[in-house]
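Please read the structure below before turning to the comments.
FYI, the numbering just counts along the sequence from 1.
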Amino acid sequence: MSAQRDMKEKNPWHTPVTIIFSVIGVIAIVALVTVAVLQNRPLPQKYKYGIVLDAGSSHTALYIYEWPAEKDNNTGRVEQTLSCKVDGPGISSYASAPWKAGKSLTKCLEQARQKVPVKRHSETPLYLGATAGMRLLNLEDSSASTKVFQAVEEALQKFPFSFQGARILSGQEEGAFGWVTVNYLDDRLEQNLQTRGALDLGGASTQISFVSDNFDGSDSPDNAVAFRLYGNDYNLYTHSFLCYGKDQALRKTLAQQTKSGPGTILDPCFHPGYTETKNYSVLYDSPCVSDRKPQGAPATFNHTGKGNFSRCQEVVKRIFNFTECKYSQCSFNEVFQPRLQGPFGAFSAYYFVMNFLNLTDTSIPLEVVTERLSRYCATPWNQVKEQHPGVKLKYLAEYCFSGTYIVTLLTKGYNFTSENYPNIKFIKKIKGSDAGWTLGYMLNLTNMIPAEAPDSPPLPYAGYVSIVTVIALLLFVLFIFSLRPLWPRCSKHPQII
Ligand SMILES: Nc1ncnc2c1ncn2[C@@H]1O[C@H](COP(=O)(O)OP(=O)(O)O)[C@@H](O)[C@H]1O
Ligand SMILES: [Ca+2]
């Protein structure tokens, strides 16, 4: 018994030196781990905000974007946090009562006021960009367009945001910023990946933008936009076709068929059984068709559907001019277009229409697409209405025309073939943000995409913390071993005295 007690008392690990070392060691390890954990703990995020109003020809939409307040320049960090569809038509429709254009925006701006934290209001930039509807109004009646802008600006200035102005975007800007949005959201710019072309179909204009190896801008400077983003140079080809958005294209197609001002138009682009009395003046009330107005036409015409895809394609084709091209190659209307290259994202009305027709899957061969469209166009109007009770009648009546127009524009206009049609992806959103020009416009105006790639530390933060911790532990073990001479001697067979 007494021998055993003596052994316990003499246990060399129970000497003061080893106890002190062990305690210091444990404290050091706990401190290291605590510092690493605390340092890596996610901090409560602070956000900044930006608001863009897209004043399109058919309607206006408000988008709020947010991004972490500390890191403005990180790719893919700007996200859409709210979208609000303004009630009523586009602002260009208020030419005869401009104040109504301003008033129409207030509901969505109220929503924005609620969404953005109060302390960020005054620093949140607010932009309004108008597209083809206002371009046309400006061509038709520039003083009316000025008045609409005045009314809109007055309304926007009443809100506590930092209003940065309302203006008409050029067709090039609309195309190029759509391309920036798509590639920014896909993280293709900072990572220098192959870019995705952008196809935007609006009501009054349509845009095509892509990077092609055989395009440097020299053939057609009007179609060139040069960007330097994250240290990479991009020579973007872009073109906006005014009057080739789907609403104006429909007017042009109808006008083709009314040259002689008949009382009835038998329209292959509308379903059989569809019949409406329409006003000639409404049809020709646009600079896209006003020059075609027939002399001595009656006040109204009877618009009757015939539901025939191939005949519809024939009349749609007639709104394009394919005969002249002074460049090496053209799309249509004597507009230069380089060889199509890379993947494409098609959004806005491209998506709405193809999604309604269940044709967003581009692995469906083009022949099957046309077969399905033929069947759809031939479906009687009553049956179509029965099958889609919730869909707005104006959209519903036009999907046969719109689908035919999209296929014709892509294949005959831009020269997509069976081989490269599958390169198109019909998209609405990318990672929660709508595809469209608004995000690219804001990123550009807030200088959020740097021209040069930012320098980054050689190691990611977590890697750095792990390496420091391992090295510290190794040093600690080394230190303990360096004190070995001080260690109390410990014999395997303690002598019993
Ligand atoms: N659900 C939908 N189905 C079909 N078309 C739609 C739908 N929602 C919007 N659109 C169409 O999308 C187009 C949007 O164009 P818009 O952006 O207003 O014009 P622009 O870009 O030419 O100024 C319009 O032709 C509108 O009718
Ligand atoms: Ca648009």
> salt bridge (Lys or Arg N to Asp or Glu O under 4.0 Å) between E398 and K394: does it pass, once the steps are laid out?
Replying inline: CA-CA 7 Å; E398 292 177 6; K394 182 188 137 45; 3.1 Å; yes
Using a distance-only test with no angle check, is there a side-chain donor-acceptor pair under 3.5 angstrom linking D434 and Q80? yes
Between L357 and Y399 the two heavy atoms that sit nearest each other are CD1-O, 4.1 Å
Angle between ring planes, F177 versus F227, binned at 30° and 60°: parallel, tilted or perpendicular? tilted
CD (Q194) and CG (N183) are apart, to the nearest 0.5 Å, by 10.0 Å
Between N138 and S145, is any side-chain donor less than 3.5 angstrom from a side-chain acceptor? yes
CZ (R196) and CZ (F210) are apart, to the nearest 0.5 Å, by 14.5 Å
- Does the side chain of V353 reach to within under 4.5 Å of the side chain of F426, using non-hydrogen atoms? no
Problem set entry | Flag for E79-T81: side-chain donor and acceptor within less than 3.5 Å | no
The residue among R318, K317, R311 that forms salt bridge (Lys or Arg N to Asp or Glu O under 4.0 Å) with E314 is K317
Value for CG (D267) from CZ (F270), rounded to nearest 0.5 Å, stands at 5.5 Å
task = For the pair N415 and T417, evaluate side chain to side chain donor-acceptor pair (under 3.5 Å) and give the outcome as yes or no after the intermediate values.
result = CA-CA 6 Å; N415 302 317; T417 60; over 6 Å; no
Mind checking whether E140 and S92 have side chains closer than 4.5 Å, heavy atoms only?
no
### Query
Can you tell me if S220 and D222 form a side-chain donor-acceptor pair at under 3.5 Å?
no
Notebook entry, point to check: Do T360 and N358 have side-chain N/O donor and acceptor atoms under 3.5 Å apart?
Noted result: no
Next item on the list: Begin with the C-alpha distance, continue with both residues' side-chain angles, and end with the deciding distance and a verdict on side chain to side chain contact (heavy atoms under 4.5 Å, CB included) for K147 and V152.
Entry: CA-CA 9 Å; K147 281 182 193 134; V152 159; over 6 Å; no
Can you classify the ring geometry of F332 versus F322 as parallel (below 30°), tilted (30 to 60°) or perpendicular (above 60°)? perpendicular
Check: Is the SG of C377 found under 2.5 Å away from the SG of C269?
Finding: no
What about the rings of H303 and Y274, do their centers lie closer together than 6.0 Å?
yes
Tightest non-hydrogen contact, residues T195 and R188, listed as CA-CD, 4.1 Å
Under 3.5 Å, is there a donor on one side chain and an acceptor on the other for Q172 and S240? no
Taking only Lys NZ, Arg NE, NH1 and NH2, and the carboxylate oxygens of Asp or Glu, determine whether R135 and E174 approach each other closer than 4.0 Å. yes
Check: Around K100, counting heavy atoms of other residues, nucleotides and ligands shown, do more than 12 lie under 6.0 Å from its NZ?
Finding: no
| Can you find a side-chain donor-acceptor pair between Q207 and S205 that sits under 3.5 Å? | yes
Looking at K107, I want to see if its NZ is surrounded by more than 12 non-hydrogen atoms of other residues, nucleotides or ligands under 6.0 Å. no
Q. Any side-chain donor paired with an acceptor under 3.5 Å for S310 and N308?
A. yes
Notebook entry, point to check: So, N302 versus T275: side-chain donor-acceptor pair below 3.5 Å or not?
Noted result: yes
Closest non-hydrogen atoms of L236 and F215, given as atom of the first, atom of the second and distance, are O-CE2, 3.5 Å
| For atom NZ of K431, is the number of surrounding heavy atoms from other residues, nucleotides or ligands below 6.0 Å larger than 12? | yes
Q: I would like to know whether F320 and Y244 meet ring pair (Phe, Tyr, Trp, His ring centres under 6.0 Å); could you show each step before the answer?
A: CA-CA 9 Å; F320 300 100; Y244 285 82; 5.6 Å; yes
The reported gap from CD1 in I51 to CZ in F159 (rounded to nearest 0.5 angstrom) is 10.0 Å
With a 4.5 Å heavy-atom cut-off, do L359 and V407 have their side chains touching? no
- For V78 and L439, what are the C-alpha separation, side-chain angles and deciding distance, and is it a side chain to side chain contact (heavy atoms under 4.5 Å, CB included)? CA-CA 9 Å; V78 181; L439 175 56; 3.7 Å; yes
- Message: Any non-hydrogen side-chain atom of L445 less than 4.5 Å from a side-chain atom of Y127?
- Response: yes
| Looking at side-chain heavy atoms only, is the closest gap between N444 and V180 below 4.5 Å? | no
Tested for side chain to side chain contact (heavy atoms under 4.5 Å, CB included) against K252, the lone hit among I319, L283, V315, V316 is I319
Establish, yes or no, whether a centroid distance under 6.0 Å links the rings of F356 and Y395. no
Could you give me the CA-CA distance, side-chain angles and deciding distance for R339 and D213, then say whether salt bridge (Lys or Arg N to Asp or Glu O under 4.0 Å) is met? CA-CA 8 Å; R339 191 172 45 82; D213 291 339; 5.1 Å; no
Of all heavy-atom pairs linking M354 and Y421, the shortest is CE-OH, 3.7 Å
Y237 and H239: CA distance, side-chain angles, deciding distance, ring pair (Phe, Tyr, Trp, His ring centres under 6.0 Å) verdict:
CA-CA 7 Å; Y237 165 83; H239 191 83; 7.1 Å; no
Side-chain heavy atoms of F416 within contact of L340, under 4.5 Å: yes
Worksheet item: Does the SG-to-SG distance between C312 and C400 fall under 2.5 Å?
Response: no
What one should report as the nearest heavy-atom pair of F149 and A130 is CZ-CB, 3.9 Å
- prompt: Hey, what's the ring geometry for H271 with W381, parallel, tilted or perpendicular (30° and 60° as the breaks)?
  reply: parallel
- prompt: Hey, what's the ring geometry for Y65 with Y63, parallel, tilted or perpendicular (30° and 60° as the breaks)?
  reply: parallel
- Query: Side chains of V116 and F161: closer than 4.5 Å at any heavy-atom pair?
  - Reply: yes
In short, Q164 meets S162 closest at the heavy-atom pair NE2-OG, 2.8 Å
Distance col, row L53:CG vs L62:CG, nearest 0.5 angstrom, shows 4.5 Å
Exercise. Checking salt bridge (Lys or Arg N to Asp or Glu O under 4.0 Å) for the pair R167/E153: CA distance, chi angles, key distance, verdict?
Worked result: CA-CA 10 Å; R167 57 179 283 264; E153 287 183 352; over 6 Å; no
Pair C288-R251, side chain to side chain contact (heavy atoms under 4.5 Å, CB included): steps then yes or no: CA-CA 8 Å; C288 297; R251 286 183 181 218; 6.0 Å; no
Which of Y184, F344, Y234 passes ring pair (Phe, Tyr, Trp, His ring centres under 6.0 Å) with W179? Answer is Y234
* Indicate yes or no for a side-chain donor-acceptor contact from S374 to the backbone of T370 under 3.5 Å, with no hydrogens or angles considered. => yes
